Every structure is written in structure tokens, then in C-alpha cells.
Amino acid sequence: MSKRVRVRFAPSPTGGLHLGGVRTVLYNYLFARKHGGDFLVRIEDTDQTRYVAGAEEYIFNTLKWCGLEPDESVQHGGNFGPYRQSERKASYRQYAEQLVLAGQAYYAFDTPEELEKMRQDFKTTENPSPQYDHTIRLKMRNSLTLSAEETSQLLAAGTRHVIRIKMPENETVSFTDMIRGEVRFETGTVDDKVLLKADGMPTYHLAVVVDDKAMEISHAFRGEEWLPSAPVHILLWKYLFGIDQMPQWAHFPLILGPNGKLSKRDGAKYGFPVFAMNWTDPKTGELTEGFKEKGFLPEAFINLLALLGWNEGTEQEIYSLEELVEKFSMERVHSAGAKFDYEKAKWFNHEWIKQSGVGSLEPGVGNLLKENGLEVPSRETLRKVIELVKERCTLLTDFVQQSSFFFKTPETIDTAAVKPKWNEAKKLFFTELIRNYELATDWDAHTLENNFKEIAAVNELKPGELMLPFRIMLVGGKYGPGVFDIAALLGKAETLQRIETAMKLLQD
RNA sequence: GGCCCGUUCGUCUAAGGGCUAGGACACCACCCUUUCACGGUGGUGAUACGGGUUCGAAUCCCGUACGGGCUACCA
């Protein structure tokens, strides 16, 4: 038997990919890389009523942006296709029939109305949501209650039906979760899940087992919300392929929002992204903001996701993808859910911007400035600006505000910050500064600062009282890197121009 | 309601029987900086509760409470 590590991410293409989904991808990816195995993406599109145009494409774009490319998928090819469940439709029915034959599943002819009636009829205070289980199934219309003749007649007539698993009445099913250890269930408390739907498509329960087997998946990872249906999958493995063939399971803790499981609504409500990238619902046209567009670096996004539920046991917090591959281990994934903290997320991004080289920041920042109507004179200037302002940018989008004054004369000057202390002496100083700078042959920050301070000394003024006005003149407000660095980069003409313009404004 | 999972500062977490319960984010103060940041120093702040086991428990066991998930012909 093959021992090769093969893991899969199996999204349902019904909308944008959120935090938790990307983290599941990440942990799959890290595990595969760490063990020299394969990482594949399988599209779980068995519910045709939930088809959403563009969702599949979106998923792959997201993976690309994150740098988590699969080895095999609809887009990447591979020897275990098709990688889309709807294209595997033909392969599921035989397994369901096999189970019926073995007495481990049965045909059920109940209509949606009959099911609804059952739920109403058996609903009590103690049991608000009755399940189709061993206590109920003999009261329903299925091959257990119908005679063999009736059943085959109905089938022959093409009556709509599903195939349900027949959960044993009194067995204990247990398995070892890589994160939680042994988990056990009493089969009597689990309902008879539908395996094959009336349209001939499998439900998740059947498909996940059949496909994991077909694709030789060695380790199956998913969110904790799947834990309650695990006994169904365990039993299916046992019945269909043998328990020794079953992959090892790990159920990841949930990522929580302010009120339980994180939802895209939380994002809108609390003002932080939930999806990896912008997602526009094709039906409603509703836009859900993504981390990418919000100004996150993919490296930071990956980094913060990795630490949401896993840690190495050291005090390190900043990890590159390569480092994560090296250090990741499933044993150190937490079992408790983690509440998403947007403040910390931003901190990760800030750290990544600070430590990123100018070269890697340049394309993104360049585009961003262009999109915001700022003309960058040269790559050289752009690089210098990035170097100068990057440590005060938490999000990539902050570069716009932090550097616009390098490329455009400020539209508004915060004269209110200067005016109250503006006087004849200062006016004289700047007049003299203009004269001095006009004659300057060396236009570098150091020289500019020296000259500035000399003139201040001659006029018996404190440089500190002059630097703020100078900054306001060049930048328009109380922010930005060192003033002389700004002046140096702005060049002589533009610097002098801005001083003069501002001085006129201060006269009024 | 039933089933399952979980519970260390507000948040993410470290400490896999021996501690003044450590770090990070956020917050506060101070220093640096003649802007804003960066950086530095310090501070506030946690083992849900009750029983065991043990010389010793955040750590192991049981119960309670609380939180979360699931309870569809959705994944």
C-alpha cells in the first residue's frame, strides 16, 4: 500500500473564500510540503442548486495570490481526475447500491413534504428537531418498510428516491483525530444521512469517502463543523473499503468572529475583511471586501492565518511560508477555537511591510499610486519614497496617503497649525532660507539641514520652532518622514515653490 | 432538547506535575524623535467553579458552569 502523503482541499464553489477556508488550505499545503507529498484541490459541486458563477475561478485566483498552488486540480491537471465531483457523478451510485445490497443502506421514497410532516409530527419539547434515525425509519416510506415487490416496482417506475445509510442501533464508533485524540460516538444517536440524492448526485458524505479513496488521500483535514458527521464517514470507510484504508483525520478548530463562527456578515458589521479577495455576488451584486484589496501582503495574510490555531512553541511570530513548511506540525495545532483579532492582523501586515525589501513592495505600491491618480516620475524616485515611508504604513493602501505629497503639490495646507505662532522673525527666516537654498549646489538632506540650522542660529531662532512650519509647507500636514529627506527628494524647484506658496497663504 | 468539541490576561498563545504563570497584539506611562511613525523601558491584566489523585496541579480524573459546532435530498 502506498504511503505517499496526499491531502486535499475540497471547497464548495458557492462564493468567496474566507479566512477559515484559506487556513484550511494553508495547513493542508504545509503538511503536504513538509512531508514531500501532494496537495490537490477537489471541487465539491454536487449541489447543483447552489452553483455560483465565477466561484471556482475565484478560488484558484485566491490560491495563486496566497502562493499556495496545488499540485493537482481542475486547473493543474493530475492523474486522479476528474477533480470536479459533478464530473464523477457516474461513479457514486454503484457504491450506494452496494451498501443497499449489503443491508447497510436503503432506498427511501419520502417526499420533501412527508419529511416535513415527520418533523412536525414527532417534534416535542424534549426533541425539537427529530431526525430520520432508527427510531423513525420504520415509520417512513422506504425499502425497510415496503415489501421487496413494492420497492422494485417503485424503482422500476422511476420513482424519485434517495439512498440513506442505515445507522446501526447500538454500536460505538471511534477514531483518532490528529488534533483531539480519540473521539467516540454512539451510532444510535446519529441519523440515517442521505448518501445519494434524488437527482443521482451523492451528498458530501458519500462523495468525500469515495473520492478520498479514489484519489488516494492519506490525511483528511477539515473544519471542526464536520466532526458530528464523522461517524457516518467512518462507517462508510469500513463498509466500502476497509478501515485500514481510511485516511487519518484532523478537524481544525473554528475561527470565531465576535459572535461565534466567523461569517462574512461579521466583516461588514465590524469593519474588517473576511474573504481573502474581493468577492462580488453575481446575483445580488453585493461586494464583500477582501484582505488583498484592503492592503494586506499575501505573506502577512498567510503568516497571521498560520498563527491562528498553531504555534511552534517558541516566541517567534513572523514566519515566511518556507519557514512554516519547515516548522509546521499537526500536533501543535490547537484544539480550541480562535477568535479573529483584526488589530493583530494589521500588526502582522505592518511587520511584513517593514521587513519587505523595496523591490518586492515596488510593483504593488506603484500600481496603487497609479490607481489613485498619482504620477510617479521614475522608478528611482518610487524606490526612495517607499524606503522613506514604509515603516509608517500598516496597510499597503496607507502608501497613498503617506507618499502622495512626493508626487503632487498638497491640495490643502494645514495653516492652522502654523499661523498662531507665525511672526515676522519666522517670515524673515524662510525668506532667507529661500535665498540660501536657491544658491545651494549640493541638494542633499544633510546639507539642507546644516544650512537650515545655521540660518536659524544666525537669526537666534530655535530650529525646532521652524521645522514644523517647514514640514507643513512641504507636506501639507503633520506627518511624513524627516523634512530634509522630503526636501531632498522633492528637488530644489519644487521645494522653493512650496515654501513660497505657503508663505503667501500665511500672509492672509 | 440531543450529540460532539472546547475553556490560561480583552485577544492570539507558552508553560506537556515543581512558577515570581512567559511572550505578542491592544491599552497606559516614560525615553528617543524639534511632525507622525519606528525603536527602547516599565505598567495594568489570566489558569471558569467545585471536588478528587499527589509531597506538589494551569497541567491528570470526575462533576458543574459557560462558550462553540452539528442536528437538510448544503457543504
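Just so it is clear, the model here is predicted, and its values are computed rather than measured.
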Would you mind classifying the nucleic acid contact of Pro481(A) as base, sugar-phosphate or nothing, using non-hydrogen atoms under 4.0 angstrom?
base
Ring centroid separation Phe275(A) to Phe291(A) under 6.0 Å
no
When we call it a touch if two heavy atoms are under 4.0 Å apart, what does Lys354(A) touch: a base, just sugar-phosphate, or nothing?
sugar-phosphate
Between rA75(B), rC5(B), rG10(B), spot the one nearest the side chain of Asp341(A), thanks.
rG10(B)
By a strict heavy-atom criterion of less than 4.0 Å, which residues belonging to residues 105-115 of chain A are in contact with RNA chain B?
Asp110(A), Pro112(A), Leu115(A)
Contact class for Val162(A) (heavy atom, under 4.0 Å): base, sugar-phosphate, or nothing?
base
Remember a base hit wins even if backbone is also touched, and classify Phe340(A) as base, sugar-phosphate or nothing at under 4.0 Å, heavy atoms.
nothing
Among rA75(B), rG1(B), rU35(B), which nucleotide sits nearest the side chain of Arg471(A)?
rU35(B)
With a non-hydrogen cut-off below 4.0 angstrom, is Asn311(A) in contact with a base, only sugar-phosphate, or nothing?
sugar-phosphate
Out of rA72(B), rA37(B), rA26(B), whichever nucleotide has its closest atom nearest the side chain of Glu343(A):
rA26(B)
Out of Val418(A), Asp414(A), Ile486(A), Leu466(A), which one pairs with Arg471(A) under the side-chain contact (heavy atoms from CB on, under 4.5 Å) rule?
Ile486(A)
Using a 4.0 Å heavy-atom cut-off, does Arg180(A) contact any base of the nucleic acid, only the sugar-phosphate backbone, or nothing at all?
sugar-phosphate
Which way is the base of rC38(B) turned, syn or anti, if we draw the line at 90° from 0?
syn
Determine the contact category for Arg164(A): base if any of its heavy atoms lies under 4.0 Å from a base atom, sugar-phosphate if only primed atoms, P, OP1 or OP2 are that close, otherwise nothing.
sugar-phosphate
Just checking Val208(A): base, sugar-phosphate only, or nothing, at a heavy-atom cut-off of under 4.0 Å?
nothing
Residue of the set Arg137(A), Arg164(A), His134(A) for which side chain to side chain donor-acceptor pair (under 3.5 Å) holds with Asp192(A):
Arg137(A)
With the side chain of Ser335(A) defined as its heavy atoms from C-beta on, choose the nearest nucleotide among rU7(B), rU13(B), rC73(B).
rU7(B)
